[in-house]
Amino acid sequence: MDKRALNKLSYGVYIVASALGEEKAGYIANTVFQISSTPPLVAISCHKNNSTLRFILESGVFSVSVLEKNTAATLIGEFGYFSSSDADKFTKVKTEVKTTGAPVVVDSSTAWLDCRVKDTLDVGTHILITGEVEDCGTLSDSEPLTYAWYREHFKAASPPNAPTYVKNPEPVPSGPSGISTSEALPANDPESKVTYICDICGYVYRPDDGDQSAGIPPDTSFTDLPDSYRCPVCNAGKDYFRPMD
Ligand code: FE
């Protein structure tokens, strides 16, 4: 079976969110699709480990925010690579409550759906949830972000909780290949100590520590990392790192 065929399926990129009282939860989803016109129904697929799942099942409601093509990488990183149980993802975004009570993220969104849970189905790693659209609206004429564009532009892989997750989608550097000791910057060069942060997920690369998961030894400056180096959290390429202030 050639699972690369699954990468040919087209998707959008969305924030699915819900709330219990004042507490909000949400995540980045690529699986949101309309399954019926009358009544208007959509389906989402939510990983069993996703903390937003409990919010959706207990509240019985969820929202879908359709992200714009120019959505900031940091917004996707905050909602896509961290758990709502570890961080309040909603401190930096504007939300509005429409009909059901689920928070709708209006920053960087071109449209929104407000849904009430109709049915659920255990489908393995994920729970398939159907929801009736009780309200919806558009926010701008902006082009929606597609999953294909996201993957190409951010050179990012699906996080483990995504239905489309593939373990090790491409070769991961197994050692410090491409790093030549003789080419390494001298220890007294200021660049050799500069820490870099991943704009997608916030991972910080510290030269003193290297990156054990990628076989990068301590005392390796960021600029000496091989071009194939990828963020160990979100798999973004080197271009998405910037020096920390
Ligand atoms: Fe990252």
Side-chain angles (χ1 to χ4, degrees), residues 3-17 25-34 42-47 49-52 62-84 87 89-90 92-95 103-113 125-126 128-129 138-172 196-203 205 227-242:
K3 289 191 173 180
R4 289 177 301 177
L6 296 169
N7 286 338
K8 301 290 186 184
L9 298 177
S10 299
Y11 304 95
V13 183
Y14 315 93
I15 290 177
V16 173
Y27 67 100
I28 294 287
N30 65 295
T31 45
V32 175
F33 45 100
Q34 187 172 359
V42 294
I44 62 173
S45 185
C46 188
H47 197 282
N49 291 339
N50 191 329
S51 59
T52 307
F62 64 90
S63 70
V64 175
S65 297
V66 183
L67 295 179
E68 298 174 340
K69 189 173 182 178
N70 64 355
T71 295
T74 47
L75 179 68
I76 297 174
E78 283 162 12
F79 275 86
Y81 292 95
F82 296 95
S83 170
S84 292
K89 303 177 180 182
F90 293 85
K92 297 177 190 167
V93 294
K94 183 181 176 192
T95 60
V104 172
V105 177
V106 294
D107 294 17
S108 303
S109 303
T110 186
W112 55 272
L113 312 175
T125 54
H126 289 66
L128 184 71
I129 300 167
T138 54
L139 296 165
S140 74
D141 292 329
S142 300
E143 192 177 338
L145 177 60
T146 67
Y147 196 46
W149 191 90
Y150 166 75
R151 289 170 72 145
E152 173 61 26
H153 186 73
F154 293 122
K155 296 182 171 40
S158 301
N161 278 2
T164 47
Y165 173 65
V166 178
K167 195 171 185 181
N168 296 326
E170 38 185 277
V172 174
Y196 277 71
I197 185 168
C198 171
D199 260 337
I200 306 287
C201 72
Y203 168 78
Y205 177 82
D227 290 340
S228 58
Y229 178 75
R230 286 175 173 271
C231 172
V233 176
C234 70
N235 209 34
K238 275 184 81 176
D239 290 347
Y240 291 95
F241 283 73
R242 60 179 166 79

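Taken from OH in Tyr147 to CG in Asn7, the straight-line distance is 8.0 Å, to the nearest 0.5 Å. Phe33 contributes atom CZ, which lies 8.5 Å from atom OH of Tyr11 (distance to the nearest 0.5 angstrom). We find the CD1-CZ distance between Ile197 and Phe241 to be 9.0 Å, quoted to the nearest 0.5 Å. In this structure, CD1 on Ile44 lies 10.5 Å from CG on Leu113, to the nearest 0.5 angstrom. Note that OH of Tyr205 is 14.0 Å distant from SG of Cys198, once rounded to the nearest 0.5 Å. Asn70 CG to Leu145 CG: the interatomic distance, rounded to the nearest 0.5 Å, is 9.0 Å.
The side-chain heavy atoms of Ile15 and Leu67, taken from C-beta on, include a pair separated by under 4.5 Å. The closest side-chain heavy-atom distance from Leu139 to Thr110 is not below 4.5 Å.
Note on residues 5-17: no pairs pass salt bridge (charged side-chain N to carboxylate O under 4.0 Å, His left out), not counting sequence neighbours. Identified under the salt bridge (charged side-chain N to carboxylate O under 4.0 Å, His left out) test for residues 64-73, with sequence neighbours left out: Lys69-Glu143.
The closest donor-acceptor contact from the side chain of Lys89 to the backbone of Gly26 lies under 3.5 Å. A donor-acceptor pair under 3.5 Å is absent between the side-chain atoms of Ser108 and the main chain of Thr71, judged by distance alone. A donor-acceptor pair under 3.5 Å is absent between the side-chain atoms of His126 and the main chain of Leu128, judged by distance alone. In this structure, Ser65 contributes its side chain and Val104 its backbone to no donor-acceptor pair below 3.5 Å.
Applying the side-chain contact (heavy atoms from CB on, under 4.5 Å) rule to Ser51 yields the partners Ser83, Ser84, Ser85; only residues at least two apart in sequence or on another chain are considered. For Tyr196, the side-chain hydrogen bond (donor to acceptor under 3.5 Å, both in side chains) partners at least two apart in sequence or on another chain are Glu191. Evaluation of the side-chain hydrogen bond (donor to acceptor under 3.5 Å, both in side chains) rule for Ser109 yields no partner, not counting sequence neighbours. In terms of the salt bridge (Lys or Arg N to Asp or Glu O under 4.0 Å) criterion, residue partners of Glu78 (sequence neighbours excluded) are, by chain and number, Lys92.
When all heavy atoms are compared, the tightest approach of Val93 to Leu75 is CG1-CD1, 3.2 Å. Ile76 and Ile28 get closest at one heavy-atom pair: O-CG1, 3.7 Å.
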_Chi angles and distances behind the side-chain contact (heavy atoms from CB on, under 4.5 Å) call for Ile129, Ser45_ = CA-CA 6 Å; Ile129 300 167; Ser45 185; over 6 Å; no
*Apply the test side-chain contact (heavy atoms from CB on, under 4.5 Å) to residues Val105 and Lys94: give CA-CA distance (whole Å), side-chain angles for both, the deciding distance (0.1 Å), then the verdict.*
CA-CA 6 Å; Val105 177; Lys94 183 181 176 192; over 6 Å; no
*Evaluation steps, ring pair (Phe, Tyr, Trp, His ring centres under 6.0 Å), between Phe90 and Phe79*: CA-CA 9 Å; Phe90 293 85; Phe79 275 86; 5.2 Å; yes
_For a side-chain contact (heavy atoms from CB on, under 4.5 Å) check, start with the C-alpha distance between Ser63 and Trp112, then their side-chain angles and the critical distance, and finish with the verdict._
CA-CA 7 Å; Ser63 70; Trp112 55 272; over 6 Å; no
